[in-house]
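Remarks on the structure that follows.
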Amino acid sequence: MGTGVAGVTGVERGWQFFMHPGPTNIPHRVLQAMQRPAVDFMGPEFVALRDRSLERLKGVLKTKKGFVIAYAASGHGAWDASIANLFSPGDKVLVCQAGYFSENWSVTARQYGVEVESVVTPERRAVDPDAVAERLAADTGHAIKAVLISQNETATGMRHPVAEVRAAMNRVKHPALYCVDTISSLASYDFRMDEWGVDLVIGGSQKGLMMPPGMSFTAVNARAWQVSLASRNPRRYWDWRPMVEDGRQVRFCGTAPIPFFYGLEAALDMIEEEGLENVFARHRRLAQATRACVRAWSQSGGPEIYSLDAEAACDSLTAVLCPAGHDADKVRNIASERYNVALGRGLGALQGRVFRIGHMGDLNEPMLLGALGGIELALAEAGMPHARGGVMAAMDSLRAPTAKAVKAA
Ligand SMILES: *Cc1c(COP(=O)(O)O)cnc(C)c1O
């Protein structure tokens with residue numbers, strides 16, 4: 001697992017603690033599954049694998065009504081696909097704007113000539129469903145075609161209330177489509193496409209799904225599919241119509257991303273063997289330990305959890321806000337160069353103010369503790385104020401009795 005990064009002695013030993021909030025650690029099982037010779041992507045072996053994997057992915061999305069359309073593309077591609085297929089130039093969408101990723105979904109929409117209205121969420125707070133309801137209630141002519149939200153804002157480490165926003169839409173009886181980006185929440189914490197009335201979902205391979213970057217997908221229900229048939233956008237690569245027959249994906253624009261399907265099958269096997277709810281519980285446990293650690297550091301004017309709302313701090317990563325006048329990237333650089341702990345940087349307006357500890361995907365307790373130990377050392381070396389004992393607090397959190405694991409399905 002060479003990284004080319006020099007340790008304290010200038011000699012690299014051991015492995016890197018890769019704690020980015022995407023891409024995430026790729027299990028050997030997934031890597032090995034992907035390493036195989038090419039097959040005929042129209043042949044029976046691949047077609048069966050494709051059908052089976054897309055069907056199983058629906059289990060992770062908790063949908064029976066929707067179906068999945070996958071692409072060889074980063075998550076940005078799935079954003080493009082959602083806008084290109086659902087809307088027409090001049091349409092209006094309402095974006096729950098809560099950070100870098102929701103902003104960038106808006107950027108995509110604007111490029112397609114879609115008018116973007118935003119409900120801007122105050123810094124360090126979760127999206128307010130009442131604010132969404134208020135805006136929709138004012139739209140008496142139903143000009144707003146869709147509400148767009150990111151369940152997990154990866155830039156801030158905050159979870160946004162997907163079910164509650166749907167309830168708000170229903171309360172004001174607004175017919176807008178409901179579109180949710182789950183790229184950094186799927187397979188890390190709960191998401192329920194059908195129960196929460198989500199019409200379109202965006203997902204990606206390289207976060208909770210433990211695969212390399214480069215595959216993304218949309219899940220659409222009958223309503224979103226109907227709306228897409230009326231779109232006047234030019235589209236080729238993202239066009240759902242030639243890819244879908246009888247409510248399921250039967251081809252890609254060009255060659256199918258074959259290795260990704262072998263990887264996806266291995267990842268879904270791993271998730272099923274652990275049990276999806278147990279996967280969530282593990283993420284919760286590791287997230288709680290990370291938050292306990294950061295809360296310990298935050299005493300003595302140290303870095304703190306970005307989310308001011310304890311409930312909204314998400315289980316897939318922790319964004320750590322550094323005290324004013326201190327550079328988050330200095331901590332990140334020391335953590336990386338001296339201790340081989342790789343952390344996410346602050347994005348957009350949070351650059352230099354925040355570092356992000358990813359704790360999603362293929363991760364266990366000692367990996368987390370090792371990384372937190374490296375960060376605590378880096379805080380000291382960076383001269384950033386903090387209280388010691390963060391790792392101890394994380395251990396105490398992990399030691400606390402936890403709910404009994406549910407039996408894997
Ligand atoms: C990572 C991420 C994306 C973008 O995915 P890419 O594969 O980098 O294009 C979009 N939305 C969210 C919430 C993400 O976390």
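When a residue number appears, it is its place in the shown sequence, counting from 1. Side chains included, hydrogens not; waters and symmetry mates left out as well; all remaining heavy atoms used.
- Judged by distance alone, the side chains of R166 and N170 do bring a donor and an acceptor atom under 3.5 Å apart.
- Taking every heavy atom of both residues into account, S53 and L264 meet most closely at CB-CD2, 3.8 Å.
- Closest heavy-atom contact between A342 and Q16: CB-NE2, 3.6 Å.
- In this structure, A126 and M158 approach most closely via the heavy-atom pair N-CE, 3.5 Å.
- Rounding to the nearest 0.5 angstrom, the gap separating the CG atom in N85 from the CZ atom in R235 is 4.5 Å.
- The only member of F217, W238, F252 that meets ring-ring contact (aromatic ring centres under 6.0 Å, His included) when paired with Y71 is W238.
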Criterion salt bridge (Lys or Arg N to Asp or Glu O under 4.0 Å) on R248 and D51, from CA distance to verdict: CA-CA 9 Å; R248 61 194 187 94; D51 290 352; 3.3 Å; yes
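- Ion pair D199/R223 flagged as a salt bridge, since at least one NZ, NE, NH1 or NH2 atom sits closer than 4.0 Å to an Asp/Glu carboxylate oxygen.
- Under the 4.5 Å side-chain criterion, counting only non-hydrogen atoms from C-beta, M19 is in contact with L363.
- Between W240 and T218 there is a side-chain heavy-atom pair separated by less than 4.5 Å.
- A donor-acceptor contact under 3.5 angstrom links the side chains of S184 and N152, judged on distance only.
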Please list, one pair per line, the donor and acceptor atoms closer than 3.5 Å that link side chains of residues 353-361 to other protein atoms, with sequence neighbours excluded.
unit_1	atom_1	unit_2	atom_2	d
R356	NE	R345	O	2.7
R356	NH1	T154	O	2.8
R356	NH2	R345	O	3.1
H359	ND1	D315	O	3.2
H359	NE2	T318	N	3.2
H359	NE2	T318	OG1	2.7

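- For T63 against G66, the heavy-atom pair with the smallest separation is OG1-N, 2.8 Å.
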Criterion side chain to side chain donor-acceptor pair (under 3.5 Å) on E381 and Y339, from CA distance to verdict: CA-CA 11 Å; E381 272 175 59; Y339 301 112; 2.3 Å; yes
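- Under the 4.0 Å criterion applied to side-chain N and carboxylate O atoms, R36 and E265 are not assigned as salt-bridge partners.
- A donor-acceptor contact shorter than 3.5 Å links the side chain of S106 to the backbone of S102.
- Between F17 and the choices L343, L372, I375, V341, the side-chain contact (heavy atoms from CB on, under 4.5 Å) rule is met once, by V341.
- Ion pairing between E55 and R52 fails under the 4.0 Å rule for side-chain N and carboxylate O.
- In M243, the CE atom is crowded: over 12 heavy atoms of neighbouring residues, nucleotides or ligands sit closer than 6.0 Å.
- Looking at every heavy atom in both residues, A267 comes nearest to L209 through CB-O, 3.3 Å.
- A salt bridge links D396 with R399: at least one charged nitrogen is closer than 4.0 Å to a carboxylate oxygen.
- T290 contributes a side-chain N or O that, together with a main-chain N or O of L286, makes up a donor-acceptor pair within less than 3.5 Å.
- Inter-residue side-chain proximity for H160 and C96 is flagged as unmet; no heavy-atom pair is nearer than 4.5 Å.
- The closest side-chain heavy-atom distance from I149 to Y178 is below 4.5 Å.
- Side-chain contact between E376 and W297 is present, with at least one heavy-atom pair separated by less than 4.5 Å.
- In this structure, E311 does not pair ionically with R159, as no charged nitrogen and carboxylate oxygen lie closer than 4.0 Å.
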Should F46 and D40 be marked as a side chain to side chain contact (heavy atoms under 4.5 Å, CB included) after you check the CA-CA gap, both sets of side-chain angles, and the distance that decides it? CA-CA 7 Å; F46 180 75; D40 175 4; over 6 Å; no
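- Counting only heavy atoms from C-beta outward, the side chains of P303 and P323 approach each other to under 4.5 Å.
- Using modelled atom types, one side-chain atom of R135 and one backbone atom of S118 make a donor-acceptor pair closer than 3.5 Å.
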Run the salt bridge (Lys or Arg N to Asp or Glu O under 4.0 Å) check on R236 and D239 step by step: do they pass? CA-CA 5 Å; R236 168 76 171 118; D239 194 349; over 6 Å; no
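- E365 CD: more than 12 foreign heavy atoms inside a 6.0 Å radius.
- Considering all non-hydrogen atoms of both residues, V114 and S88 come closest at CG2-O, 4.1 Å.
- Within a 6.0 Å sphere centred on CE of M367, other residues, nucleotides and ligands contribute more than 12 heavy atoms.
- For the pair E277 and K62, the salt-bridge criterion is met [side-chain N within less than 4.0 Å of a carboxylate O].
- The closest side-chain heavy-atom distance from P27 to M270 is below 4.5 Å.
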